[in-house]
2 protein chains.
Amino acid sequence: MAQLDESLLTDLPPFSALDRAQIRAILDQATPKRYDHESAIFHEGQDADRFFLLLDGYLRVIRTTPEGEQIIALHISPGQLFGIAPALQRDTYPATAMAATESLALSWPVRLWEEFTQNYPSFATETYKTLGARLGEMQTRITELATQAVERRVAAALLRLVSQSGRKVDGGVEIAFPITRQNISEMTGTTLHTVSRLLSAWEKSGIVKSARKRIVVTDPHRLLLLSGAQS
Amino acid sequence: MAQLDESLLTDLPPFSALDRAQIRAILDQATPKRYDHESAIFHEGQDADRFFLLLDGYLRVIRTTPEGEQIIALHISPGQLFGIAPALQRDTYPATAMAATESLALSWPVRLWEEFTQNYPSFATETYKTLGARLGEMQTRITELATQAVERRVAAALLRLVSQSGRKVDGGVEIAFPITRQNISEMTGTTLHTVSRLLSAWEKSGIVKSARKRIVVTDPHRLLLLSGAQS
DNA sequence: GCACAAGTTTGAGGCAGAACAACGTTGCCT
DNA sequence: AGGCAACGTTGTTCTGCCTCAAACTTGTGC
């Protein structure tokens with residue numbers, strides 16, 4: 001693994017207002033760790049003793065129902081804080097974080113949380129902004145689940161994935177990490193069968209192109225219409 | 001309206017660590033206001049220039065879809081802070097707050113938010129705890145909507161209402177504010193017809209008793225079973 | 001006290017999407 | 001290179017719940 005470098009953090013919102021010495025101090029207290037594809041960073045209910053920053057890779061944040069079904073609450077992209085239970089005065093993690101690709105994250109013990117927020121006001125501010133955005137996204141998903149038909153929900157989920165982790169490829173925008181039909185069904189509250197049928201239909205009409213664990217959106221505009229956006 | 005009194009706040013978590021003089025100072029800067037039944041405190045998208053504390057009554061926090069359907073995101077009970085967009089660095093309210101009964105709330109201009117959180121650490125702490133609880137509840141609702149059948153969701157919604165605002169009456173626990181079948185359908189993503197049928201069935205088997213805009217849960221235990229809780 | 005509106009109940013029918021089932025495909029591991 | 005498991009597709013059946021429809025009930029304002 002490469003040596004930790006100040007340049008990793010300088011451009012990220014929580015740290016962008018800090019000087020080199022401050023970033024150095026933060027970095028010196030961080031523990032970097034690599035996570036294998038499909039391995040867990042922490043589990044739901046586990047003691048929340050650290051908070052994290054994703055440097056590279058993608059994560060899925062998952063909740064499991066009593067019946068054993070999983071639903072994906074959230075995806076984490078590089079540069080985002082996660083596992084920030086301490087910010088909400090929680091002492092256990094409310095969900096499980098899994099690496100959707102091989103990933104690299106920094107973490108700090110929770111006792112540093114208070115120190116960071118007190119010494120670096122922009123750190124607290126940015127964190128709560130992130131939290132506000134997540135809360136808003138969750139409200140939107142509740143509304144969607146409660147009112148929209150499956151096709152719209154799946155279309156909206158794809159658009160969200162693309163906006164959060166889209167990378168340009170020839171002929172469209174690709175979701176930057178491996179994702180299965182099952183995964184998408186766990187984001188939208190449907191079955192992998194229904195997702196498969198939808199993707200097949202969309203591929204026929206030239207809206208997406210998909211392969212195993214890979215999805216490229218070729219016509220975001222038509223997908224937006226399917227998602228029910230007002231024209 | 002009664003004169004504002006320190007005793008209104010002393011027992012509430014955000015203020016319980018403060019002394020009389022501090023509470024007096026906070027109270028002196030507050031604007032109290034009464035809201036009629038079914039009137040709005042603020043609207044979705046509106047400039048978030050104040051934050052609020054509900055002293056008496058009950059509120060519904062509502063989101064409206066582009067198609068005009070409403071869904072109820074949250075209920076607010078006496079003693080809770082609401083409209084705390086500033087805590088999340090938002091400049092507009094993400095939802096509409098409506099009085100479910102005649103209600104009384106205090107409010108402060110957002111510029112005092114920073115002052116409060118800086119001067120009274122326990123205020124910030126308690127607020128973020130509340131936020132954490134709401135986030136957790138929203139996750140649970142997403143999971144429910146994505147995986148559970150309608151009957152379970154409605155049962156769970158009733159139990160949540162009872163735990164948040166239940167008042168003992170003879171023969172059971174009553175939801176403390178007027179609530180229609182339509183309202184419950186807007187909490188659970190179903191139709192008023194389905195809710196009506198469920199309540200009728202439950203009334204026949206002695207689990208609830210209901211009248212117009214009034215619901216009494218007579219057998220919480222059986223409702224808990226219906227909600228899918230593991231025994 | 002009557003009329004009207006708002007809330008509720010109940011019935012009947014249809015359909016989106018879940019459940020069940022079977023087969024095809026691709027990548028990975030030895 | 002071959003075998004196997006994970007992933008994906010597609011067809012068929014079935015049902016939970018929405019939709020449409022109509023009547024009933026209860027509070028409320030004139």
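In what follows, every heavy atom counts, from backbone to side chain, and hydrogens, waters and symmetry copies are set aside. Letters go in sequence order (proteins before strands), and every chain restarts at 1. All values derive from a computational prediction rather than experimental measurement.
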*Asks:* Are B/Glu144 and B/Arg152 close enough for a salt bridge, meaning some N to O gap below 4.0 Å?
*Replies:*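 No, B/Glu144 and B/Arg152 are not salt-bridged.
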
*Asks:* Can you tell me if B/Gln80 and B/Thr130 form a side-chain donor-acceptor pair at under 3.5 Å?
*Replies:*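 B/Gln80 vs B/Thr130: no donor-acceptor pair found between side chains.
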
*Asks:* Without decimals, in angstroms, what is the distance between B/Lys213 NZ and D/dT26 C1'?
*Replies:*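 Value for this atom pair: 11 Å.
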
*Asks:* How many whole angstroms separate atom CH2 of A/Trp202 from atom C1' of D/dG8?
*Replies:*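 After rounding, the reported distance stands at 16 Å.
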
*Asks:* Could you work out how much the helix from C/dG1-D/dC30 to C/dT30-D/dA1 bends, comparing the axis of its first five pairs with that of its last five, to 10°?
*Replies:*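 The angle, to the nearest 10 degrees, is 40°.
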
*Asks:* Under 4.0 Å between a side-chain N or O of A/Ser200 and OP1 or OP2 of D/dT10?
*Replies:*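 Answer yes for this pair, as a side-chain N or O of A/Ser200 is under 4.0 Å from OP1 or OP2.
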
*Asks:* Once you round it to whole Å, what is the distance between C1' of D/dA6 and CZ of A/Arg214?
*Replies:*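 My rounded result for the distance is 18 Å.
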
*Asks:* Using a heavy-atom cut-off of under 4.0 Å over every strand shown, decide if A/Arg181 touches base, sugar-phosphate, or nothing.
*Replies:*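 Sugar-phosphate only.
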
*Asks:* Got a salt bridge between B/Glu69 and B/Arg63, using NZ or NE/NH1/NH2 to carboxylate O under 4.0 Å?
*Replies:*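 No.
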
*Asks:* If you only use heavy atoms from C-beta on, which nucleotide in C/dA19, D/dC17, D/dC7 is closest to the side chain of A/Arg197?
*Replies:*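 Output: C/dA19.
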
*Asks:* Rounded to whole angstroms, how far apart are CZ on A/Arg153 and C1' on C/dG17?
*Replies:*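 Rounding to the nearest Å, CZ of A/Arg153 and C1' of C/dG17 are 10 Å apart.
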
*Asks:* Can you measure B/Leu198 atom CG to D/dC18 atom P for me and round it to whole angstrom units?
*Replies:*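 Value for this atom pair: 10 Å.
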
*Asks:* Is a side-chain N or O of B/His75 found less than 3.5 angstrom from the main chain of B/Tyr58, in a donor-acceptor match?
*Replies:*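 No, B/His75 side chain to B/Tyr58 backbone: no donor-acceptor pair under 3.5 Å.
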
*Asks:* Under the 3.5 Å rule, do the base of D/dT26 and the side chain of B/Arg212 count as making a donor-acceptor pair?
*Replies:*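 Donor-acceptor pair under 3.5 Å: yes.
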
*Asks:* Can you tell me the distance, in whole Å, between the CD atom of A/Glu38 and the C1' atom of D/dC7?
*Replies:*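 To the nearest whole Å, that distance equals 13 Å.
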
*Asks:* Do any side-chain nitrogens or oxygens of B/Thr194 fall under 4.0 Å of OP1 or OP2 in D/dC17?
*Replies:*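 So the side-chain polar atoms of B/Thr194 never come under 4.0 Å of the phosphate oxygens OP1 or OP2 of D/dC17.
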
*Asks:* Between D/dC18, D/dC7, D/dT10, which nucleotide gets closest to the side-chain atoms of A/His193?
*Replies:*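 The answer is D/dT10.
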
*Asks:* Which part of the nucleic acid, if any, lies within reach of B/Leu192 when heavy atoms closer than 4.0 Å are counted: base, sugar-phosphate only, or nothing?
*Replies:*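 B/Leu192: base contact, heavy atoms under 4.0 Å.
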
*Asks:* Is there a donor-acceptor contact under 3.5 Å from the side chain of A/Arg153 to the main chain of A/Thr188?
*Replies:*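 Looks like yes, one N/O pair under 3.5 Å.
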
*Asks:* By nearest atom, which of the nucleotides C/dT25, C/dT9, D/dT10 is closest to the B/Ser210 side chain?
*Replies:*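 Nearest listed nucleotide: C/dT9.
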
*Asks:* Rounded to whole angstrom units, what separation is found between the CD atom of B/Glu186 and the P atom of D/dC18?
*Replies:*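 In whole Å, D/dC18 P and B/Glu186 CD are 13 Å from each other.
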
*Asks:* For A/Thr140 and A/Arg160, does a side-chain donor sit closer than 3.5 Å to a side-chain acceptor?
*Replies:*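 The answer is no; no qualifying pair exists.
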
*Asks:* Heavy-atom distance under 4.5 Å between the side chains of B/Glu203 and B/Ser210, does that happen here?
*Replies:*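 They are in side-chain contact.
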
*Asks:* Hey, does the side chain of B/Thr191 come within less than 4.0 Å of D/dC18's phosphate (OP1/OP2), counting only N and O?
*Replies:*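 Yes, such a contact exists.
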
*Asks:* Before you tell me yes or no, could you show the steps for A/Gln46 and A/Thr92 under side-chain hydrogen bond (donor to acceptor under 3.5 Å, both in side chains), namely the whole-Å CA-CA distance, both residues' side-chain angles and the distance that decides it to 0.1 Å?
*Replies:* CA-CA 5 Å; A/Gln46 189 179 312; A/Thr92 62; over 6 Å; no

*Asks:* Starting at CD of A/Glu67 and ending at P of C/dA18, how long is that distance when rounded to a whole Å?
*Replies:*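 A/Glu67 atom CD is separated from C/dA18 atom P by 16 Å.
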
*Asks:* At 4.0 Å (heavy atoms only), tell me whether A/Ser196 reaches a base, stays on the sugar-phosphate, or touches nothing.
*Replies:*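 Base contact - A/Ser196 has a heavy atom under 4.0 Å of at least one base atom.
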
